[in-house]
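Before any comments, here is the structure.
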There are 2 protein chains.
Amino acid sequence: MAGIREAKKQQTRQAIMQAAIKLFSEKGFESTSIEELAKEAGIGKGTIYSYFQTKTDILYAFCEDELANLHQELTDNADCEIPILKRMVEIYMSEFHLITENREFGRLFMQQTAFPREADLNQHLENENIYFSLLFPLLAKAQERGELRKDLDLLHITGHFYGLYLLMVSAWFTGRIPTEEAEITLETLFRQALEGLQPSSSMERFV
Amino acid sequence: MAGIREAKKQQTRQAIMQAAIKLFSEKGFESTSIEELAKEAGIGKGTIYSYFQTKTDILYAFCEDELANLHQELTDNADCEIPILKRMVEIYMSEFHLITENREFGRLFMQQTAFPREADLNQHLENENIYFSLLFPLLAKAQERGELRKDLDLLHITGHFYGLYLLMVSAWFTGRIPTEEAEITLETLFRQALEGLQPSSSMERFV
DNA sequence: AATAAAAATTGACCGCGGTCGACTTTTTTC
DNA sequence: GAAAAAAGTCGACCGCGGTCAATTTTTATT
């Protein structure tokens, strides 16, 4: 039987993930040692390292699973026709929700996502592409509808929104905004971005 | 003499910083052990921990020194009258320059600045205030000149620019933009922010 | 079924960051 | 200036993340 090994590997990987979810949730990431994790998963310590390169990789694997689910969900009921502002807030807030669920996971994940180690770049770019494939269609449609300027690069627009999201999450971690204000803050920032920071010609009468 | 102890402490602190700059530059942050650092500074390992709480704190202390110098410099020749776009690009690019000088320092610093550990929040907020005291006057003046909308919160405007800066730095770390494109990218993003992502009334003829 | 080759598992081991109680130096008290 | 108190220094020690040579398990070959 040629499949035994493959099947077992998947099983072991799952066992590690399950143990990780359990122990990380119970005692936190830092307080859980690799040895405990291995014991809980019913394997030896060294074996873990033939499934994950580092301890944090285990965490990221979990985060990416969650994120992949989320993106699938978002893609499935992708309604391109609702206003872009509302839609973008919706998308980013659902990601933000994952972060608030476990602050410590979230911190490490954001650190690694925004400013990744050189070694993790490939994996990072993969995730980014998933993102783009979700956002580009939405933004392109919005351009066609006249909600977004057509002379702007889609990449720059995506980046613009993402940058504002980063800022909001950063502000949350530093305690500058509480969880319940996150959404309104993000919406305000996005609206600012759409309308522009400088007085528009049509608004000159107010200035 | 009551001052002996104080003076010595400052001296020792400096010795640690000097040793850190030397060794971190020579062999990198991760490859330098606390024990080596202590030896280079001519003190015992444990003593380091009565000056810095963690190894990374030594790094941050260095970064903050650099940043404080930079901010002093920027405050000194603060010309409030040049266009806000140009001025903001200038300010953020000079900070970005510090980051490019040592990628690894930069990564840790950005990770910690944007998404700080709970324990470091106080220190973080202090730094943020220095920032605000630099930016607020500039932005307020720009509002008066009519370069920025007066109906927007200064905090949100600051955040908006900072968010775009975060995005640009993130894109640099992920290799999406090379060093020489950093400035033009930042300028593009800032201009987008000023003009707005949606078609302005005065531009409707182009749509 | 026997044997060889390949792959996976393991835990003793390493080096590191960080701790802590023992020790030394400085300051205060009288 | 002697003794007590306070502050500072130190390195053996701890637990952890991560490695690797030895071993076991699976697959390929005949």
Side-chain angles (χ1 to χ4, degrees), chain A residues 1-20 23-24 26-62 104-105 107-108 111-112 117-120 123, chain B residues 1-20 23-24 26-62 104-105 107-108 111-112 117-120 123:
Chain A
M1 277 186 272
I4 281 187
R5 177 164 283 169
E6 264 319 297
K8 219 172 172 183
K9 280 200 77 166
Q10 281 310 311
Q11 215 175 308
T12 304
R13 203 190 138 88
Q14 275 308 308
I16 296 173
M17 293 286 281
Q18 286 305 318
L23 293 184
F24 289 173
E26 274 175 22
K27 351 179 6 187
F29 176 72
E30 315 246 341
S31 310
T32 304
S33 76
I34 292 281
E35 238 163 331
E36 285 175 294
L37 205 55
K39 201 177 206 174
E40 174 77 26
I43 57 176
K45 178 180 174 178
T47 308
I48 295 219
Y49 287 89
S50 58
Y51 292 86
F52 299 93
Q53 291 198 346
T54 66
K55 189 186 178 188
T56 38
D57 276 349
I58 304 174
L59 187 62
Y60 299 141
F62 170 70
E104 205 47 24
F105 283 24
R107 222 193 72 241
L108 291 166
Q111 286 188 345
Q112 176 59 18
R117 284 172 299 172
E118 220 133 347
D120 297 328
Q123 181 199 23
Chain B
M1 277 187 272
I4 279 188
R5 176 163 282 170
E6 262 320 295
K8 220 172 174 181
K9 279 200 77 166
Q10 281 309 311
Q11 215 173 307
T12 304
R13 202 190 142 89
Q14 275 308 307
I16 297 174
M17 293 286 281
Q18 286 305 316
L23 293 184
F24 289 171
E26 274 174 23
K27 349 180 8 186
F29 176 71
E30 315 246 341
S31 309
T32 303
S33 75
I34 291 282
E35 239 163 330
E36 287 174 293
L37 205 56
K39 201 177 205 175
E40 174 76 28
I43 56 176
K45 180 180 175 180
T47 307
I48 296 218
Y49 287 90
S50 57
Y51 291 87
F52 300 93
Q53 291 199 345
T54 68
K55 190 186 178 188
T56 37
D57 275 349
I58 304 174
L59 187 62
Y60 300 141
F62 170 70
E104 206 46 26
F105 283 24
R107 223 194 72 242
L108 292 166
Q111 286 188 344
Q112 177 59 19
R117 286 171 298 173
E118 219 134 347
D120 297 328
Q123 181 198 21

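Here is how names work: the chains are called A, B, and so on, in the same order as the sequence lines, proteins then strands, and each is numbered from 1.
A residue-by-residue look at A/Ile48 and A/Glu35 shows that A/Ile48 has its nearest nucleotide of DNA chain C further toward the 5' end.
Closest to the side chain of A/Ser50, out of C/dT9, D/dT9, C/dG18, is C/dT9. With D/dG18, C/dG18, D/dT9 as the choices, the nucleotide that has an atom nearest any side-chain atom of A/Tyr49 turns out to be D/dG18. Checked against C/dT19, C/dT9, D/dG17, the side chain of A/Ile34 finds its nearest nucleotide in D/dG17. Of the candidate nucleotides C/dT9, C/dA12, C/dT10, C/dA12 has the atom nearest to the side chain of A/Lys45. Minimum atom distance to the side chain of A/Ser33 is reached by D/dG17, of the listed C/dG18, D/dT9, D/dG17.
Note on B/Thr47: every side-chain N or O is 4.0 Å or more away from OP1 and OP2 of D/dG8.
Atom C1' of nucleotide C/dT9 and atom CZ of A/Arg13 are separated by 17 Å, given to the nearest angstrom. Rounding to whole angstrom units, CD of residue B/Gln10 and P of D/dG8 are separated by 12 Å. Summarising the geometry, the separation between OH on B/Tyr51 and P on C/dG17 is reported as 20 Å, rounded to the nearest angstrom. For A/Glu30 and D/dG15, the CD to P distance is 18 Å, given to the nearest whole Å. Counting to the nearest Å, the C1' atom of D/dG17 and the CZ atom of A/Phe29 are 10 Å from each other. Spacing between atom CG of B/Leu37 and atom P of C/dG18 amounts to 12 Å, rounded to whole angstrom units. Rounding to whole angstrom units, CD1 of residue A/Ile43 and P of C/dA7 are separated by 20 Å. We find that CD of A/Glu36 is positioned 7 Å from P of D/dC16, with the value rounded to whole Å.
Counting heavy-atom neighbours within 6.0 Å of A/Glu36 CD, excluding the residue itself, gives a total above 12. Few gaps surround NZ on A/Lys27; more than 12 heavy atoms of other groups in view lie less than 6.0 Å from it.
Taking both residues in full, the closest heavy atoms of B/Ile16 and B/Ile48 are given as CD1-CA, 4.2 Å, listed atom of the first, atom of the second, then distance. Considering all non-hydrogen atoms of both residues, A/Lys55 and A/Phe29 come closest at NZ-O, 3.0 Å.
Among the atoms of the strands shown, none is found under 4.0 Å from any heavy atom of B/Phe52. Among the heavy atoms of the strands, none lies under 4.0 Å from B/Thr56. Contacts of A/Ser31 with the nucleic acid, taken as non-hydrogen atoms under 4.0 Å apart, are absent.
Checked by distance alone, A/Lys55 brings no side-chain donor or acceptor within 3.5 Å of a matching partner on the base of D/dG18.
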For B/Phe105 and B/Phe62, run ring-ring contact (aromatic ring centres under 6.0 Å, His included): C-alpha distance rounded to whole Å, both residues' side-chain angles, the deciding distance at 0.1 Å, then the answer. CA-CA 10 Å; B/Phe105 283 24; B/Phe62 170 70; 5.7 Å; yes

